Structures are given as structure tokens and as C-alpha cells.
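Note that the coordinates shown come from a computational prediction; the quantities given were computed from them, not determined experimentally.
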Amino acid sequence: MGETIEVGHLHKALTPGTPYVAYVRATSVVGDAKGWGVASAPEIAPPDYPSQPEKPTSPWQWPTALEVHWTAPWLRGSDLESCEFVYSLDPDCRELTKVPHEVAHKSFEERQIHVEDLEYATTYYFKVRIKNGVGWSFWSEVSEGFMTGACRPAPPKRPILEHIDMEQLVFRWNLPDSHGCAIDKYEVFLADQAQVAKVPQLIEDLNQCETDEEQKELLDALPVREFHGIKVEEFTNPKEPDHIFEGLLGGLPYAVAVRAHNVEGWSDWSEPLDDIVSPSAAPEEPPAPWMLEATKDSLHVGFSLPYDNGDRITQAEVAWFRLSGPMERHVALGGKVTVPVSAQSKEDEEGGVTVDVPDTVERALPEEYGGSWEATLTGLAPGTEYEVQVSCINSHGNGSYSIGMIMVCGAGIPDVPGRIRHAVPQADTDSGLDAPTFQRMISDMSQGDLSDPDTPPTPRSSMDDASEDGGHAQLEEGALELPSASAVQAGAVFFKRTMRMSAPDEVVNMGAKKPRQRRWRFLGAGFAKVQPSEES
């Protein structure tokens with residue numbers, strides 16, 4: 001009881017550098033104790049020599065230099081302290097050349113070495129071993145043969161953002177190592193919106209592709225917003241290459257990447273610049289508005305919201321511009337101006353209205369249109385054509401105006417007719433109306449109260465008189481000057497009662513005979529409806 005018992009060399013069955021706890025229980029010829037004792041404090045198993053490294057690789061070559069990469073193996077419980085390289089012209093490495101210690105450790109943290117002063121177009125074979133706190137590992141297997149000579153360029157470093165606004169993105173990148181052959185061109189791409197988060201994985205997949213066709217399929221599958229090829233001679237300063245992407249939208253994330261090319265092939269793609277967000281700006285141009293309803297002095301207009309460039313649209317401005325009215329069309333169709341035309345003021349030629357857009361209206365996605373809203377234009381002229389445009393507003397101001405849409409107000413009442421002229425008979429015949437018949441017609445027309453212009457008397461048709469008396473009634477040509485039939489559907493003529501004044505059958509004037517004319521003097525009044533013909 002109380003004796004100390006030790007078990008030696010227990011670590012030989014353990015994994016080096018791994019923590020363990022120990023449990024103990026007693027046993028005798030009778031049997032084992034009922035359970036294990038209390039666990040010991042954790043202890044680390046002693047370290048061991050490092051594992052054997054994998055054989056080195058060489059992703060880049062120069063005409064007289066090689067870049068060799070290596071990977072640290074399992075260190076077995078001790079820290080990495082050093083590495084050692086040898087190379088040979090013989091695959092069996094019978095004659096070895098040791099890489100200087102300072103060269104082997106210049107890029108020790110990057111796990112790579114840069115060996116210079118080699119022979120051009122010569123194949124070299126490398127081996128590597130590493131050291132930890134216990135000692136050196138075994139040498140790695142002999143690498144594949146690495147031949148000196150020009151190769152594809154190194155990938156460019158991560159691009160640097162120079163400037164971004166709603167219109168353009170400007171970025172540059174440092175000139176990559178050409179690896180012994182001049183760089184002749186670059187390729188860049190731009191991704192936006194939801195595709196930005198996928199760009200890092202895309203770059204990793206692109207760098208694993210063996211052919212350009214595989215890369216194109218991946219780029220099309222994302223897809224990228226824009227893809228540009230740039231020749232070196234297109235740069236203002238080839239030593240500081242840069243590029244501009246234009247036509248951006250506001251308030252959106254973007255990502256860019258670049259790769260270089262020489263006669264040996266394309267480099268890997270650079271690390272993406274994927275933390276770019278364009279600033280918000282005024283809204284995009286909306287689509288053309290449409291007419292919902294037209295009255296004689298107003299237009300009810302509908303419009304859709306464009307993309308707001310990252311800042312919600314709060315208002316919309318609907319502008320109108322007068323194009324032409326019914327008087328212009330009337331004159332163009334051969335009509336005459338029957339009333340004085342007042343001078344047009346600037347307020348009559350153009351105007352607009354600003355309406356608030358509530359938050360409930362759906363916002364538009366980039367390069368799409370959102371919900372719709374309405375506006376009413378008032379104070380317009382009947383039958384007049386207007387060009388209507390829409391511009392949306394956010395905190396940055398007005399966006400571009402839409403394409404104009406031509407809309408026409410509803411028709412109004414016609415203008416006052418022109419003066420009434422005396423009728424001139426076509427020929428001096430006895431088929432015209434005699435005085436008693438005309439007197440009776442005027443008497444029938446004058447039965448109403450002409451003092452009330454809103455309720456004129458109901459006229460009696462001249463055709464009714466013709467059917468009763470067997471006579472013939474004719475509306476003399478040129479009796480009225482009416483607006484065009486395209487603008488007027490019906491008219492009214494107010495006239496006064498007359499008595500016939502006799503005239504000689506022939507009037508001698510300068511020896512010439514003139515046909516007899518009937519002349520009338522106004523005595524009473526009447527009212528009649530007339531219908532314009534297509535020729536009037």
C-alpha cells in the first residue's frame with residue numbers, strides 16, 4: 001500500500017504531438033477492480049521526426065531560372081525549422097547540387113524557392129527535406145523534370161480600384177512577371193449583382209481549366225456582365241495597365257478580375273476585386289407613358305417606374321408640350337378662320353404636374369420596370385394634340401425623361417361660324433320661290449321665342465313645303481362659311497325676316513346687260529338647323 005508503480009516507454013504506441021490522459025485500475029488473481037481510477041492531467045506525446053515531404057513542383061520557368069514549390073508534411077508534434085534542396089541533371093540524382101541556404105530560405109514562408117543561373121533549355125530534377133525540433137525528415141522523391149525557358153506569365157495581382165460612379169468603373173493592376181516572354185494582351189471581366197458572390201469560386205474553377213473552351217463555358221454559365229480583350233498597344237502606359245467599364249447602374253455590387261497572355265499562353269486569373277459598390281444616383285429613364293382617359297380639357301396618364309439606381313423614387317414629373325390644335329387641322333384641310341385667333345402664351349404651349357409616388361408602388365429591378373402610377377394633366381385645350389413625357393425623382397434629383405407619347409384631348413363645342421352672305425341664284429329662272437311662299441316659310445320659322453338663345457324655335461323643313469306645294473327648295477351654294485366637316489358635325493343659322501324688293505329685269509351699265517338679282521331687306525328673325533356636306 002502506497003508504493004509508486006511506473007510504466008516506461010508508453011509513448012511508443014502513441015501518436016507524436018497528440019495530447020493524452022491516463023487511467024489506472026488494479027487487478028489480482030481474484031479479478032479486476034471495480035472501475036478505473038481518476039484521469040491524469042493531459043500530457044502531449046513526445047514529438048518525432050517529420051514525415052517525408054511530397055516531391056517538389058515548378059509552376060513557372062524562365063530561360064535561366066526556375067521557381068520550385070514545396071509542401072510541408074506532417075511535422076509530428078514539433079515546429080518547422082528549416083528546409084534543404086538539392087538538384088541534378090540526372091533523374092537518378094547521382095550528382096547533386098545543393099541550393100544555397102539563403103536561397104532556400106528567402107521565401108521560406110511561401111514554401112517556394114527561386115533558383116537562378118541555370119542553363120537555358122535544360123532539364124533539372126529536385127529533391128527536398130525538412131527539419132523540425134527532433135531532426136531532419138527523409139528526402140522526398142525525385143521531382144519531375146523542369147526545363148528552363150519562357151513560359152506563360154504569372155497571374156496579375158489583385159486589381160486596384162481607381163474610381164467608380166454610376167457611369168463608369170476605373171481600375172488598374174500591377175504589371176505581372178512575363179516569365180521570359182513579353183506580355184501582348186490581357187482579358188478582363190465584370191460581374192454584377194448576385195453573381196459577385198460567386199466570383200471567387202469561379203476564379204478557382206477557371207484556373208483549373210485545361211482549355212479556353214472550358215473557361216468560356218464557365219463564364220457563360222455565371223454569366224458575367226461584360227468580357228473584354230485588351231491589346232498592350234491600346235494602353236496609354238503599358239507599364240501601368242488599367243481599364244474602364246461603362247454603363248453601370250447605381251447602388252449595385254460589382255467584381256472584376258484580369259489575366260495576362262504571352263506567346264506561351266494565358267496566365268491564371270488574378271484574385272478578384274469583389275468589394276465594389278456603385279453609389280446611388282438619379283433614376284433611370286422610364287418607359288413611355290400611356291393615356292388612361294381624355295376629356296376636353298384634361299388627360300389622365302399612366303406610367304411605370306424605372307430602376308431607381310439604389311435610392312427609392314418618391315415623385316414623378318409629367319410634362320406636356322402642345323403640338324397642334326383643331327384650328328391648325330381645320331386650316332390644313334382647307335377651312336377658313338372664322339374668329340380671331342388669340343396669341344398663344346408660353347403657359348399654353350407647355351406645362352406639367354408633379355405627383356407623389358407612395359412606398360407601396362413596387363420598385364423596379366435593375367434593367368427592368370416596376371409598378372405603375374397615375375397623374376392627371378389639367379388646363380388643356382379641347383381637341384388639341386400634346387406630347388407627354390415622364391421623369392422620375394429621388395433624393396438625387398430628376399432622372400432622364402421618357403420617350404414622348406402623343407395624346408389628344410376630347411372634342412369641345414365648335415367656334416362661332418363665319419359671316420352669312422347673300423345667296424346669288426345660279427340662273428334667272430322662275431323655278432325659285434315666289435314672295436308669298438317665302439313669306440309663309442319665314443312665318444313658320446318664327447313661331448318660337450328668339451329672345452332665348454338656349455331654346456331656339458323648332459324649324460320647319462323646306463322639304464315639307466316642297467312636298468305640299470310641289471315646289472322645289474334648294475340651299476344656295478356659298479350661303480355659309482362653315483368649319484371643316486372633320487371638326488363640326490352640325491350647325492345652326494339665325495336669320496331675319498325680309499321682304500322682297502323689286503328690281504328691273506335688266507340693268508344697263510356701260511352698255512352691258514347684267515342678269516336680274518334678288519335683293520332682301522331684314523325685317524324679322526328665325527332659326528334653322530343645317531348639316532355640312534363633305535364638300536363644305
Is there a side chain to side chain contact (heavy atoms under 4.5 Å, CB included) between V301 and L377? Walk through the geometry before answering.
CA-CA 8 Å; V301 177; L377 307 177; 4.3 Å; yes
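- Between the CG atom in L252 and the CE atom in M166 there is a gap of 10.5 Å [rounded to 0.5 Å].
- At least one side-chain heavy atom of L206 sits less than 4.5 Å from a side-chain heavy atom of L219.
- Shown here is I403, whose CD1 atom has no more than 12 heavy atoms of other residues, nucleotides or ligands within 6.0 Å.
- Distance alone, capped at 3.5 Å, is enough to place a donor-acceptor pair between the N394 side chain and the D311 backbone.
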Stepwise, does the side chain to side chain contact (heavy atoms under 4.5 Å, CB included) test hold for Q168 with I164?
CA-CA 6 Å; Q168 60 183 10; I164 184 171; over 6 Å; no
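- In summary, D220 and K216 engage in a salt bridge, as defined by a charged side-chain N under 4.0 Å from a carboxylate O.
- Atom CD of E210 sits in a sparse spot, with 12 or fewer heavy atoms from other residues, nucleotides or ligands closer than 6.0 Å.
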Step by step, would you call W373 with I313 a side chain to side chain contact (heavy atoms under 4.5 Å, CB included)?
CA-CA 12 Å; W373 197 239; I313 293 172; over 6 Å; no
E328 and R322: salt bridge (Lys or Arg N to Asp or Glu O under 4.0 Å), yes or no, with the steps?
CA-CA 12 Å; E328 287 94 329; R322 185 183 185 277; 3.1 Å; yes
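- Residues E367 and R225 are paired through a salt bridge, judged by an N-O separation under 4.0 Å between the basic side chain and the carboxylate.
- Across every non-hydrogen atom of D165 and S278, the tightest pair is O-CB, 4.3 Å.
- Annotation: the span from L305 atom CG to D308 atom CG amounts to 8.5 Å, rounded to 0.5 Å.
- Using modelled atom types, one side-chain atom of R312 and one backbone atom of D359 make a donor-acceptor pair closer than 3.5 Å.
- Here the closest non-hydrogen pair linking A375 and V318 is CB-CG2, 3.7 Å.
- Salt-bridge annotation for R172 and E162: present, with a side-chain N of the basic residue lying under 4.0 Å from a carboxylate O of the acidic one.
- A donor-acceptor pair is defined here as one N or O able to donate and one able to accept, closer than 3.5 Å; no such pair exists between the side chain of S107 and the backbone of E110.
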Please determine whether side chain to side chain contact (heavy atoms under 4.5 Å, CB included) holds for the pair Y307 and E285, giving the CA-CA distance in whole Å, both sets of side-chain angles, and the decisive distance to 0.1 Å.
CA-CA 8 Å; Y307 177 60; E285 177 183 320; over 6 Å; no
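- Closest approach of G412 to P382, counting heavy atoms only: N-CB, 3.6 Å.
- Of all heavy-atom pairs between G399 and S391, the closest is O-OG, 2.8 Å.
- The 12-atom threshold is not exceeded at CD of E240, counting heavy atoms of other residues, nucleotides or ligands nearer than 6.0 Å.
- Going from atom CG of L222 over to atom CG of L202 covers 5.5 Å, rounded to the nearest 0.5 Å.
- How far CH2 of W60 is from NE2 of H69: 8.5 Å, rounded to the nearest 0.5 Å.
- Taking the six-membered ring wherever Trp is involved, the centroid distance between the rings of W290 and F303 does not fall below 6.0 Å.
- Contact check for E317 versus Q315: no side-chain heavy atoms found under the 4.5 Å cut-off.
- In this structure, the side chain of N207 does not engage the main chain of D268 through any donor-acceptor pair within 3.5 Å.
- The OG1 atom of T314 sits 7.5 Å away from the CG atom of D356 when rounded to the nearest 0.5 Å.
- Summarising the local packing, CD1 of I406 is surrounded by 12 or fewer heavy atoms from other residues, nucleotides or ligands at distances under 6.0 Å.
- S267 pairs in a side-chain contact (heavy atoms from CB on, under 4.5 Å) with only one of the listed residues (C151, S178, P153), which is P153.
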Going through the distances and angles, do W266 and Q215 end up as a side chain to side chain donor-acceptor pair (under 3.5 Å)?
CA-CA 12 Å; W266 286 101; Q215 293 209 10; over 6 Å; no
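- For the atom pair I203 CD1 and E271 CD, the distance stands at 9.5 Å (nearest 0.5 Å).
- The existence of a salt bridge linking K198 and D274 is excluded, since no basic side-chain nitrogen approaches an acidic carboxylate oxygen closer than 4.0 Å.
- Taking the ring centroids of H243 and Y186, they lie at or beyond the 6.0 Å cut-off.
- Comment: E368 does not engage R363 in a salt bridge, judged by the lack of any side-chain N to carboxylate O separation of less than 4.0 angstrom.
- Looking at heavy atoms from C-beta onward, L169 lies in side-chain contact with Y254 at the 4.5 angstrom threshold.
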